[in-house]
Amino acid sequence: MARHNRDGSGADQRGFKYGVSYQPDWLKRVKVARQLKDGRQSTKTLFRNPASGPEAEPGNRARTRITSTDQSLDFEVAVTDPQASIKRVRVTCMVAGEQGEIEEVEFVLDSQNVPAE
């Protein structure tokens, strides 16, 4: 039986703070990526599940919510995955940057099914 969501937090490469509500038996980590002015991409692990692995079956539906009051960001991803085959979900958002400009930020949700890197 799937367990209730847990709450965690983290900060990105620019210091913006985030809340993460996650299913402990599905989510392994959340990464955040931003484009730098020189065209390169900066990626940082925003949150890592403190559990060493799943304690129960993740259930048919995986839900993850990410919020940031710093950037007026609030979204939730819910996927139905009865075969536990989803390894990664990518979400791209448009948010206010440091100087108020709009920028693209990508969140990568890795499941417990992702092989060690």
Side-chain angles (χ1 to χ4, degrees):
M1 173 182 236
R3 298 182 297 149
H4 293 288
N5 274 23
R6 304 289 187 263
D7 292 319
S9 62
D12 68 11
Q13 53 275 73
R14 296 212 176 134
F16 291 114
K17 295 178 183 173
Y18 295 85
V20 180
S21 175
Y22 65 100
Q23 289 191 270
D25 300 310
W26 185 84
L27 187 71
K28 180 176 183 177
R29 70 177 162 235
V30 177
K31 291 183 179 181
V32 60
R34 294 174 179 272
Q35 292 295 321
L36 301 175
K37 291 180 182 177
D38 64 4
R40 295 180 310 149
Q41 185 181 62
S42 172
T43 303
K44 181 180 181 200
T45 297
L46 178 69
F47 172 80
R48 186 177 306 276
N49 187 340
S52 59
E55 294 177 17
E57 290 297 316
N60 289 339
R61 202 169 150 200
R63 293 178 299 119
T64 303
R65 181 178 181 193
I66 297 177
T67 60
S68 174
T69 54
D70 294 344
Q71 297 187 291
S72 301
L73 180 73
D74 186 348
F75 72 87
E76 181 175 83
V77 174
V79 293
T80 302
D81 185 22
Q83 302 302 317
S85 60
I86 293 176
K87 293 182 181 253
R88 183 171 288 131
V89 175
R90 293 177 184 267
V91 177
T92 304
C93 299
M94 302 303 286
V95 299
E98 293 175 304
Q99 308 300 322
E101 74 283 356
I102 301 300
E103 66 178 319
E104 190 174 285
V105 177
E106 181 179 74
F107 298 89
V108 179
L109 313 175
D110 284 329
S111 79
Q112 296 282 6
N113 297 327
V114 176
E117 294 177 10

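Residues His4 and Pro24 share a closest heavy-atom pair of O-CD, 3.4 Å. The two residues Phe107 and Val32 come nearest to each other via the heavy atoms CE2-CG2, 3.9 Å. Smallest separation of non-hydrogen atoms from Ser111 and Lys28: O-CB, 3.5 Å. Of all non-hydrogen atoms in Tyr22 and Gly8, the two that sit nearest each other are CE2-N, 4.0 Å. Here the closest non-hydrogen pair linking Asn60 and Pro82 is OD1-CA, 3.5 Å.
With hydrogens and angles ignored, the 3.5 Å screen pairs a side-chain donor or acceptor of Asn49 with a backbone N or O of Leu27. The closest donor-acceptor contact from the side chain of Gln13 to the backbone of Ser42 lies under 3.5 Å. The closest donor-acceptor contact from the side chain of Gln23 to the backbone of Arg63 lies under 3.5 Å. Without hydrogens or angle criteria, Lys44 side chain to Ala11 main chain gives a donor-acceptor distance under 3.5 Å. No donor-acceptor pair closer than 3.5 Å links the side chain of Ser21 to the backbone N or O of Arg65. With hydrogens and angles ignored, the 3.5 Å screen pairs no side-chain donor or acceptor of Arg88 with any backbone N or O of Ile86.
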Item to check | Verdict with supporting geometry, Glu104 and Gln35, side chain to side chain contact (heavy atoms under 4.5 Å, CB included) | outcome: CA-CA 7 Å; Glu104 190 174 285; Gln35 292 295 321; 5.7 Å; no
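The shortest distance between side-chain heavy atoms of Tyr18 and Val30 does not fall below 4.5 Å. Annotation: side chain of Glu106 is in contact with side chain of Arg90 (closest heavy-atom distance under 4.5 Å).
Residues Val95 and Phe47 share a hydrophobic cluster, clusters being chains of Ile/Leu/Val/Met/Phe/Trp/Tyr side chains in contact below 4.5 Å. No single ILVMFWY cluster, assembled from side-chain heavy atoms under 4.5 Å apart, contains both Val108 and Val91.
Considering CG of Leu73 and CE of Met94, their distance stands at 12.0 Å, rounded to 0.5 Å. Here OG1 of Thr69 is found 10.0 Å from CG of Asp74. Values are rounded to the nearest 0.5 Å. With values rounded to the nearest 0.5 angstrom, Trp26 atom CH2 is found 5.0 Å from Thr64 atom OG1. Of the inter-residue distances, the one linking Ile66 atom CD1 with Ser9 atom OG reads 12.0 Å to the nearest 0.5 angstrom.
Salt-bridge check for Asp110 with Arg29: passed, with a basic side-chain N closer than 4.0 Å to an acidic carboxylate O. Using a cutoff of 4.0 Å between basic side-chain nitrogens and carboxylate oxygens, Arg14 and Asp12 are not scored as salt-bridged.
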